[in-house]
Amino acid sequence: MKSEILQTLKERGFINQITDEQGLDKKLSEKSVTFYNGYDCTANSLHVGNLLTIMLLRWMQKFGHKPLVLMGGGTSMIGDPSGRDSSRQMMTKEIIASNMAGIKKVFTKYLDFNNGSNKAVMINNADWLLELNYVEFLRDFGKHFTINRMLSYDSVKLRLEREQPLTFLEFNYMLLQGYDFYKIAKDYGCELQTGGSDQWGNIVNGIELARRVDGMELFGLTIPLLTKSSGEKMGKSVNGAIWLNEENLSSYDYWQFWRNTEDADVGRFLRLYTELPISEIEKLEKLEGSEINEAKKVLADEATKLCHGEEKSKEARETAIKAFEEKSSNANLPSVNADFSNPVGILDLLVTANLVKSKGEARRAIQGNGIKVNDETVTDEALMLSKEDFKDGSIKLSMGKKKHILVKEG
């Protein structure tokens with residue numbers, strides 16, 4: 001490849017498909033290319049499952065290309081059927097606006113919106129989609145989409161094969177995303193759309209629409225659908241999504257997520273989620289046995305540094321060392337408040353601390369010797385705790401070796 005950016009993306013594992021690899025390679029090697037990636041506002045934060053495209057945006061900008069971050073203020077009102085077995089829940093404009101405000105915080109950590117000719121720009125497809133005249137849109141653009149082609153996409157076929165309803169509302173999503181690419185290309189000089197592998201059909205729709213309507217030459221690049229070696233979907237954990245906003249997930253828990261990476265995933269994740277040189281990653285990949293834990297700590301440090309800053313990353317590591325290796329309580333551990341005006345049962349406290357989802361789960365954990373209070377194993381399911389059990393102003397609850405939380409009065 002001629003372009004450094006495609007070489008880098010390929011080497012690090014970012015590329016799944018490119019619509020015209022030679023054409024895009026030539027263009028990226030000759031000039032700064034404006035490109036975009038879209039994000040619907042389905043929650044008030046993005047999660048680790050979205051991080052691969054964010055890292056792609058970051059790498060592209062580092063190599064001189066201009067990222068447009070598209071907020072789906074318009075498309076979020078419909079919902080993308082791609083990769084889903086059922087319809088998304090409809091959201092009000094107010095919820096979408098609130099979610100968008102939370103999502104915007106993420107990108108300021110990874111992209112430069114202030115400096116240089118290739119500074120990132122955030123745009124919102126509600127600005128043009130909500131103004132569309134439906135009849136004019138169908139006349140001018142609907143004629144370029146065939147039902148035959150739309151039925152061939154995996155996102156549609158999967159739902160129909162399982163005899164699960166696909167509403168006409170969702171069916172329109174493909175038209176709107178295709179129109180997005182055409183509109184952004186025309187108004188912003190954008191030549192490339194990136195996205196997850198499940199977006200391939202939507203991206204191709206946009207490319208073909210722009211070619212048919214205005215003769216434009218556009219490109220598409222998708223990243224692989226990433227799963228852990230265990231087969232678990234990236235971005236999820238036993239306790240839910242791994243959010244990128246600290247209001248949704250503490251930097252300590254974020255660091256712990258990466259520290260708990262499966263051995264087989266360490267090298268791959270170092271390539272995708274950090275900016276360490278490949279030569280350094282290759283050295284870390286060679287570590288074996290218990291030494292692989294050092295590579296996991298490096299992964300956790302670097303990933304947390306990008307998302308939450310160097311200070312928070314360092315603080316999370318120090319907290320983990322004290323909690324796991326030195327067996328000491330630490331003020332930087334995640335904390336919850338509980339009412340200790342009267343003694344509290346251990347089962348209730350474990351549920352309050354969100355270490356378990358039910359008292360039944362709490363009982364099973366105690367029966368398996370998996371619960372500790374202030375580093376002492378709990379054997380009595382009827383244990384009552386009060387302020388007299390506080391150490392340094394709190395009670396330290398532990399579940400297994402990796403989950404610790406401080407419970408304070410409040």
Side-chain angles (χ1 to χ4, degrees), residues 1-18 21 24-25 28-29 37 47-65 67 109-112 194 196-197 221-237 242 244 251 254-314 316-318 320-321 324-325 402:
M1 290 187 175
K2 297 176 183 177
S3 64
E4 284 186 84
I5 180 58
L6 281 191
Q7 287 178 30
T8 299
L9 294 178
K10 201 159 201 175
E11 185 178 38
R12 299 186 82 99
F14 280 92
I15 297 176
N16 181 56
Q17 285 179 288
I18 301 176
E21 188 170 304
L24 180 60
D25 183 36
L28 290 169
S29 66
N37 201 99
H47 55 70
V48 165
N50 306 114
L51 188 53
L52 205 55
T53 55
I54 297 172
M55 289 299 294
L56 173 65
L57 295 177
R58 183 176 171 89
W59 278 110
M60 291 280 288
Q61 187 177 42
K62 284 182 67 152
F63 278 84
H65 304 289
K109 305 172 187 176
Y110 290 90
L111 301 175
D112 184 354
T194 60
S197 58
L221 183 156
T222 61
I223 59 169
L225 177 64
L226 203 63
T227 56
K228 303 176 189 177
S229 294
S230 63
E232 187 181 7
K233 194 173 180 181
M234 195 63 187
K236 302 288 183 182
S237 73
I242 304 302
L244 302 181
S251 51
Y254 189 78
W255 190 93
Q256 277 298 322
F257 168 78
W258 296 106
R259 167 62 182 83
N260 295 333
T261 295
E262 296 165 36
D263 292 1
D265 291 328
V266 175
R268 187 165 55 123
F269 288 1
L270 282 166
R271 281 174 164 79
L272 294 169
Y273 297 111
T274 80
E275 295 176 328
L276 292 176
I278 294 294
S279 57
E280 191 172 334
I281 293 171
E282 288 172 343
K283 291 176 185 175
L284 291 168
E285 283 177 312
K286 292 175 183 175
L287 297 176
E288 296 179 349
S290 61
E291 288 186 340
I292 193 73
N293 290 327
E294 294 307 311
K296 293 179 183 182
K297 289 175 186 175
V298 171
L299 169 61
D301 288 345
E302 295 297 318
T304 307
K305 194 187 301 181
L306 284 171
C307 189
H308 295 291
E310 190 163 2
E311 188 176 328
K312 291 280 187 180
S313 176
K314 189 176 178 181
R317 177 192 263 254
E318 289 173 354
I321 289 171
F324 304 139
E325 298 173 17
K402 297 176 179 177

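Basis for what follows: all heavy atoms, side chains included, without hydrogens, waters or symmetry-related copies. In this chain, residues are counted from 1 in sequence order. Source: prediction; values computed, not measured.
- The two atoms that bring Val266 and Ala295 nearest to each other are CG1-CB, 3.8 Å, heavy atoms only.
- Under a 3.5 Å cut-off, the side chain of Ser313 and the backbone N or O of Thr304 do not form any donor-acceptor pair.
- Using a cutoff of 4.0 Å between basic side-chain nitrogens and carboxylate oxygens, Glu285 and Arg271 are scored as salt-bridged.
- Between Lys305 and Glu302 a salt bridge is recorded (basic side-chain N to carboxylate O distance below 4.0 Å).
- The line from CD1 of Ile15 to CG of Leu56 is 8.5 Å long, rounded to the nearest 0.5 Å.
- Using bins of under 30°, 30° to 60° and over 60° for the plane-to-plane angle, the ring pair Phe63/Trp59 lands in the tilted bin.
- Classification of the Trp258-Tyr273 ring pair by plane angle, with boundaries at 30° and 60°, yields tilted.
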Q. Would Tyr254 and Val48 satisfy side-chain contact (heavy atoms from CB on, under 4.5 Å), going step by step from the backbone distance to the final call?
A. CA-CA 10 Å; Tyr254 189 78; Val48 165; 3.9 Å; yes
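- Taking CG from Leu299 and CZ from Phe257, the interatomic distance works out to 9.0 Å, rounded to the nearest 0.5 Å.
- A donor-acceptor pair is defined here as one N or O able to donate and one able to accept, closer than 3.5 Å; such a pair exists between the side chain of Arg58 and the backbone of Tyr110.
- At distances below 3.5 Å, at least one donor-acceptor pair connects side-chain atoms of Thr222 with backbone N or O atoms of Gln17.
- Between the side chain of Asp25 and the backbone N or O of Glu21, no donor-acceptor pair lies under 3.5 Å.
- Counting only distance, with no hydrogens or angles, the side chain of Arg12 and the backbone of Thr274 share a donor-acceptor pair below 3.5 Å.
- In this structure, OG1 in Thr53 is found 7.5 Å from CG in Leu51, a value given to the nearest 0.5 Å.
- Distance alone, capped at 3.5 Å, is enough to place a donor-acceptor pair between the Lys296 side chain and the Thr261 backbone.
- Although no hydrogens or angles enter the test, the distance criterion places a donor-acceptor pair under 3.5 Å between the side chain of Lys109 and the main chain of Leu244.
- How far CG of Asn37 is from CG of Leu57: 5.0 Å, rounded to the nearest 0.5 Å.
- Crowding of Glu262 atom CD: a count of heavy atoms from other residues, nucleotides or ligands under 6.0 Å exceeding 12.
- Within a 6.0 Å sphere centred on NZ of Lys283, heavy atoms belonging to other residues, nucleotides or ligands number 12 at most.
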